[in-house]
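This report concerns only the one structure given below.
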Amino acid sequence: MAATTAALQGQSTADSGKANFPTDPSLPGEHFEIRQTHPTGDHKPNPAKSPPLSPQRKALIDDIINLYEMKPTIGRVKRYTPDCVYNDQFVYANDRYKMAGQWFALPKLFKAAESHGYQVVTNDRDLIQLRHEEDWHFKVVPKVAAINALVSLSLDPGSIDSDFIRVKYHKDQANDKDYSNEGLGATFKKWQADNVAKHVMKDDPGVKAFEGRRMGQERRRGMRLSSICDVYVEASSYEGTGFFACTDPPWDALLRNGCRSLEDVVKFHVGR
């Protein structure tokens, strides 16, 4: 609706055309980090100043905001590539399985989360940045934390022009200084992401849906990160194949049988 209104008013929904990152979609998410500082660290949004977006980009942001509001679904987590990175004050998750653990774990910590609007401040070819205001209602103590953050979404080069744009790197920066990815603090952030997915949320259906598509499994087989992982995700729409009877996909069998597409996977499993 916003895009339609903008078009009627003569406003363009096109991105700036500026490119910030590599154009190779097989590169892991670490290659798509935006580094930045802010003069004041004040990221309070003014939604009235937000420029119009294309319907595809607006749909992406809607899904991200729903994740912030503790409404995770498998479909919304699929907005991220299997080799994505999520980086904020407390977490550094370097694949989609770990990231799913974070989104699905939020209701264990918070009673509610309310978004109070956002302002898009960057709409480049491969980067969307928005100021976002959120209230977090804690479960254990009667306290509400109001957070204004700069959310940076580095876009997957392979899906920028598609109807379902995906994210390679998601950074949530709540102050003026950028994060260090080294040292004790960074080590704790990575430990936290690893252990929430593996232990705290190991039996959650939403997290388990991504367990067999972890980045490390494909790296050990020398495959491109955008190939079989995504095939396994997309196969969820094919009922009756027996594919999801397994906790982990039979990677070696798929490769030995030449599976390189969704159709190959379905044929392989139906014929077993």
Side-chain angles (χ1 to χ4, degrees), residues 36-38 40-47 50 60-80 84-121 128-153 167 169-181 183-211:
Q36 62 208 347
T37 57
H38 190 274
T40 65
D42 181 10
H43 300 304
K44 187 173 181 62
N46 183 348
S50 192
L60 168 64
I61 293 180
D62 287 347
D63 278 342
I64 299 299
I65 297 299
N66 274 303
L67 289 171
Y68 272 104
E69 291 193 322
M70 300 197 310
K71 302 171 186 174
T73 66
I74 292 173
R76 286 170 181 155
V77 176
K78 286 182 185 179
R79 281 292 188 178
Y80 299 92
C84 67
V85 172
Y86 177 85
N87 191 1
D88 69 12
Q89 297 178 82
F90 309 106
V91 175
Y92 185 95
N94 62 352
D95 66 40
R96 187 168 55 188
Y97 169 69
K98 298 173 188 177
M99 179 181 284
Q102 298 299 313
W103 289 126
F104 283 97
L106 287 177
K108 292 182 177 293
L109 298 174
F110 299 98
K111 182 171 61 176
E114 300 173 277
S115 175
H116 293 293
Y118 64 84
Q119 175 189 352
V120 174
V121 293
I128 301 175
Q129 292 182 298
L130 52 136
R131 296 173 181 169
H132 178 227
E133 183 175 5
E134 178 104 347
D135 282 349
W136 297 95
H137 299 254
F138 289 88
K139 268 189 172 183
V140 180
V141 293
K143 181 180 179 181
V144 177
I147 304 293
N148 293 320
L150 179 65
V151 177
S152 300
L153 305 174
V167 176
Y169 201 112
H170 179 155
K171 180 178 285 187
D172 185 298
Q173 187 175 335
N175 51 41
D176 57 330
K177 296 180 180 179
D178 208 338
Y179 304 125
S180 171
N181 295 328
L184 184 61
T187 299
F188 174 78
K189 285 166 52 168
K190 294 172 184 177
W191 177 89
Q192 195 269 99
D194 290 348
N195 284 276
V196 167
K198 284 194 294 187
H199 301 297
V200 179
M201 300 300 293
K202 64 179 181 178
D203 296 323
D204 185 277
V207 178
K208 286 174 72 69
F210 297 96
E211 185 177 17

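The figures here come from the full heavy-atom set of this structure, side chains too, leaving out hydrogens, waters and symmetry mates. Everything numeric in this text was worked out from a predicted model, so none of it was measured.
- Note: Tyr86 and Tyr92 fail the aromatic proximity criterion, with ring centroids not under 6.0 Å apart.
- Rounding to the nearest 0.5 Å places CD1 of Ile61 at 8.5 Å from CD1 of Ile64.
- How far CG of Asn94 is from CG of Asp194: 7.0 Å, rounded to the nearest 0.5 Å.
- Checking side-chain atoms of Gln119 against main-chain N and O of Asn46 turns up a donor-acceptor pair under 3.5 Å.
- For the pair Lys208 and Phe104, the NZ or CZ position fails the cation-pi test of under 6.0 Å to the six-membered ring centre and within 45 degrees of the ring normal.
- No side-chain donor-acceptor contact under 3.5 Å links Ser115 to the backbone of Glu134.
- A distance of 12.0 Å separates CG in Asp63 from NZ in Lys78, rounded to the nearest 0.5 Å.
- Side-chain atoms of Glu114 and His137, non-hydrogen and from C-beta on, do get closer than 4.5 Å to each other.
- Remark: the backbone N or O of Val151 is not paired with any side-chain donor or acceptor of Tyr118 at under 3.5 angstrom.
- Side-chain N or O atoms of Arg76 include one that pairs as donor or acceptor with a backbone N or O of Lys71 at under 3.5 Å.
- For NZ of Lys139, the number of neighbouring non-hydrogen atoms (other residues, nucleotides, ligands) closer than 6.0 Å is greater than 12.
- Ring-plane geometry between His170 and Trp103 is classed as tilted, the angle between the planes lying from 30 to 60 degrees on a 0 to 90 degree scale.
- The backbone N or O of Asp135 lies less than 3.5 Å from no partner atom in the side chain of His116, so there is not a single donor-acceptor pair.
- The distance from the CE atom of Met201 to the CD atom of Gln102 is 9.5 Å, given to the nearest 0.5 Å.
- The shortest distance between side-chain heavy atoms of Leu67 and Tyr80 falls below 4.5 Å.
- With values rounded to the nearest 0.5 angstrom, Leu130 atom CG is found 8.0 Å from Ser50 atom OG.
- Judged by distance alone, with hydrogens and angles left aside, the side-chain atoms of Asn87 form no donor-acceptor pair with the main-chain N or O of Lys171 at under 3.5 Å.
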> When you look at Ile147 and Glu133, which way does the side chain to side chain contact (heavy atoms under 4.5 Å, CB included) test go after all the steps?
Replying inline: CA-CA 6 Å; Ile147 304 293; Glu133 183 175 5; over 6 Å; no
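- Rounding to the nearest 0.5 Å places CD of Gln129 at 5.0 Å from CG of Leu150.
- A donor and an acceptor atom, one from each side chain of Tyr68 and Asp172, are located under 3.5 Å apart.
- Residues His43 and Gln173 bring no donor and acceptor atom of their side chains to less than 3.5 Å of each other.
- Using a distance-only test at 3.5 Å, with no hydrogens or angles considered, a donor-acceptor pair links the side chain of Asp42 to the main chain of Lys44.
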> Given Asn148 and His132, is the side chain to side chain contact (heavy atoms under 4.5 Å, CB included) satisfied, shown in steps?
Replying inline: CA-CA 6 Å; Asn148 293 320; His132 178 227; over 6 Å; no
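- Within 6.0 Å of CZ on Phe188 lie no more than 12 heavy atoms contributed by other residues, nucleotides or ligands.
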> Passes side chain to side chain contact (heavy atoms under 4.5 Å, CB included), Gln192 versus Val196? Steps please.
Replying inline: CA-CA 6 Å; Gln192 195 269 99; Val196 167; 2.7 Å; yes
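- Considering only heavy atoms from C-beta on, Tyr179 comes within 4.5 Å of Lys189 through its side chain.
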